[in-house]
Amino acid sequence: MADPFYVTTAISYPNGRPHIGHAYEAIAADAIARFQRAQGRDVRFQTGTDEHGLKMAQAARAEGVEPRAYADKMSLVFKEMCDTLNISYDRFIRTSDADHYRASQAIWSAMAERGDLYLDRYEGWYSVRDEAFYDEKELTVGEGGEKLSPQGTPVEWTAEESWFFRLSAYQQKLLDHYAANPGFIQPESRRNEVLRFVEGGLSDLSISRTSFDWGVPAPDSPGHVMYVWLDALTNYLTGLGYPDGGELFDKYWPANIHLVGKDVVRFHAVYWPAFLMSAGLPLPTTVYGHGFMLVRGEKMSKSVGNVVDPFTMAERYGVDSLRYFLLREVTFGQDGSYSHEAIVNRANAELANSFGNLAQRTFSMIYKNLDGAIPAAGRAPEDDVLLRAVSNAVEREIPDAFQRLAFSQGIEAWIQAVFACNAYVDAMAPWALRKSDPNRMSEVLGTLVAAIRPLAQAIAPIVPESAQKIIDLIDSGADGSPIGQPQPVFPRLELEAAES
Ligand code: MSP
């Protein structure tokens with residue numbers, strides 16, 4: 001039985017259309033899922049939408065529709081984004097799904113049975129945009145003297161009856177867990193932030209709301225809906241059949257990686273493990289907080305008008321160019337910046353001109369000069385040197401980097417191996433051998449195919465569709481059957497195209 005591997009993204013609030021930040025997270029998680037599958041792991045991959053809470057209720061009201069109808073419409077756009085970007089999820093979960101209500105109520109009941117819930121009155125600050133409660137000491141003051149959350153969002157004073165979770169009782173248990181499991185929160189910078197926050201002391205957490213009703217009803221508590229983050233985090237269990245247990249749950253829980261943005265690490269690395277401990281469930285192995293995608297160095301915002309639409313990007317550049325760029329350009333974990341020039345330059349230099357051209361030249365020569373029959377690799381010292389460099393990259397450097405989520409580093413190792421292939425082509429000049437030494441030409445082309453196939457496989461988690469086209473073409477030539485006329489796989493993009 002293959003070793004199970006469960007990876008999740010955060011589930012997005014569908015209170016607007018998805019932007020490139022949502023696409024970035026989905027693509028990174030998909031690269032993880034595809035890479036682990038290729039390593040032979042038995043992967044389950046979940047993504048979806050987070051549909052409850054005040055933010056969604058307010059967005060629906062602004063549109064003049066019921067929250068559920070609004071969520072139905074908007075969730076679909078997120079799912080379409082995932083499908084457009086080739087995101088290989090096993091389940092696209094919606095927190096309005098019926099099984100999610102059951103799971104959320106079950107974890108609540110388990111926490112209640114542990115004696116960790118009590119009824120009281122919440123009086124404090126709440127940010128609707130973050131769907132988060134904040135202590136007075138965390139707030140900052142804005143330009144107009146208004147109070148702001150640490151994320152810079154407006155907060156409002158909230159006072160209502162509420163259920164509380166004894167988060168304070170978990171402070172030491174959490175610190176012990178972080179100490180015993182150094183890889184629990186990654187990267188290191190995020191881990192340090194969480195440690196500082198928890199060491200500073202934890203207040204009990206308000207986990208129900210009574211001033212609106214768009215949420216999962218709290219068990220045995222008329223008038224209370226669950227705090228949206230409690231239900232949202234539970235999605236990771238719902239998708240495996242909690243609370244009924246069963247095959248999926250036994251196989252995939254606890255999760256290997258919750259991939260989330262840096263702004264929601266606290267919820268995943270503090271609240272979530274405390275909820276799980278309270279409910280008597282094992283904790284995920286890793287919470288990884290990736291960086292933010294910025295647009296020319298600036299935060300995206302509707303008011304600035306710089307929100308980048310993933311559908312437009314996929315249409316303009318092609319899905320694989322977009323995927324490649326996002327994972328290539330940014331050191332994973334840090335913030336990254338998107339710009340039109342940057343994506344065009346990367347896609348052209350590395351995908352079209354280097355790998356694409358290598359494949360196209362090689363297959364065209366085989367098609368034209370060898371009747372499409374793929375020859376065997378050569379055994380000359382130059383052939384060995386090239387194939388050893390390629391196998392070092394595809395068997396060691398690239399998987400080692402992808403395993404650590406160091407995508408840009410793995411892609412760098414890949415492109416170096418591609419450059420080595422191109423240098424080999426230039427040095428061997430197979431076109432000149434066509435007349436002078438046709439046998440050697442065959443060997444050189446065979447060596448190139450023997451290099452291109454594993455290179456396509458190694459980069460497939462990043463550019464799945466294009467890599468597969470190359471692999472399929474090569475495999476169509478197995479057992480001596482001729483390959484068809486090759487078509488360029490990576491388009492060359494226009495630098496002069498419309499600005500964005
Ligand atoms: N609904 C919560 C998550 C609940 S998980 C149990 C949420 N939703 S969100 O729509 O605001 O964000 C979804 C994910 O996208 C989060 O991981 C968030 O960090 C990430 N990103 C949102 N904007 C981003 C960028 N500009 N760049 C990269 N990721 C960003 O938070």
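One-based numbering, in listed order, for ligands and for the atoms of each.
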Using side-chain heavy atoms (C-beta onward) and a distance below 4.5 Å, is Trp163 in contact with Ser206? no
Within a radius of less than 6.0 Å around CG of Asp213, do more than 12 heavy atoms belonging to other residues, nucleotides or ligands occur? no
Touching ligand 1 at all, Tyr236? Heavy atoms, strictly under 4.0 Å? yes
Is atom CD of Glu80 surrounded by more than 12 heavy atoms (other residues, nucleotides or ligands) closer than 6.0 Å? yes
Describe, in one word, how the ring planes of Trp229 and Phe267 are oriented to each other, choosing from parallel (under 30°), tilted (30 to 60°) and perpendicular (over 60°). parallel
Please answer whether the main-chain N or O of Phe164 pairs with a side-chain N or O of Asp204 as donor and acceptor at a distance below 3.5 Å. no
Going by the ring-ring contact (aromatic ring centres under 6.0 Å, His included) test, name the single residue among Tyr288, Tyr236, Tyr6 that passes it with His258. Tyr236
Tyr178 vs Phe184 aromatic rings, parallel, tilted or perpendicular, using cut-offs 30° and 60°? parallel
Going by heavy atoms, is His19 under 4.0 Å from ligand 1? yes
Would Gly289 count as a contact residue for ligand 1, given that I'm defining contact as a non-hydrogen atom of the residue lying under 4.0 Å from a ligand atom? no
List every atom of ligand 1 that sits less than 4.0 Å from any heavy atom of His290, numbering the atoms from 1 in the order shown and giving each element. 28 (C), 29 (N)
Glu160 side chain vs Thr210 backbone, donor-acceptor pair below 3.5 Å: yes
Heavy-atom pairs closer than 4.0 Å: do any link ligand 1 to the side chain of Glu25, the backbone, both, or neither? side chain
Could you tell me which atoms of ligand 1, counted from 1 in the order shown, lie closer than 4.0 angstrom to a heavy atom of Val260? 17 (O)
Below 3.5 angstrom, do we get any N/O pair linking Gly261 and ligand 1? yes
Under a 3.5 Å distance rule, please check whether Glu51 uses its side chain to pair with a backbone N or O of Arg94 as donor and acceptor. no
Say whether, by atom type as modelled, one donor and one acceptor occur between the side chain of Arg190 and the main chain of Gly333 under 3.5 angstrom. yes
Nearest non-hydrogen protein atom, atom 2 (C) of ligand 1: Ile11 O, 3.4 Å
Give the atoms of ligand 1, by number and element, whose distance to some non-hydrogen atom of Ala232 is under 4.0 Å. 6 (C)
Between Arg266 and Asp130, does any side-chain N to carboxylate O distance fall below 4.0 Å? no
Output yes when the distance from some N or O of ligand 1 to some N or O of Asp50 is under 3.5 Å, and no in every other case. yes
Which of these, Lys262, His268, His22, has its nearest heavy atom closest to atom 12 (O) of ligand 1? His22
Considering distance alone, does some N or O of Asp263 sit under 3.5 Å from an N or O of ligand 1? yes
Short N or O distance, Met293 and ligand 1, threshold 3.5 Å exclusive: yes
Give me the residue, atom name and distance of the protein heavy atom closest to atom 31 (O) of ligand 1. Val264 CG1, 3.5 Å
Less than 4.0 Å is my threshold; does some heavy atom of Trp229 fall inside it relative to ligand 1? yes
Would Lys299 count as a contact of ligand 1 if the rule is a heavy atom under 4.0 Å away? no
Which ligand 1 atoms does Gly291 reach within 4.0 Å, using its non-hydrogen atoms? 28 (C)
Under 4.0 Å from one or more heavy atoms of Met300, ligand 1 contributes atoms 26 (N)
Regarding Arg209 and the six-membered ring of Tyr126, is the cationic atom NZ or CZ under 6.0 Å from the ring centre and inside 45° of its axis? yes
Return the closest protein heavy atom for atom 21 (N) of ligand 1 as residue, atom name and distance. Phe292 CZ, 4.2 Å
For atom 10 (O) of ligand 1, closest protein heavy-atom neighbour: Tyr13 N, 3.0 Å
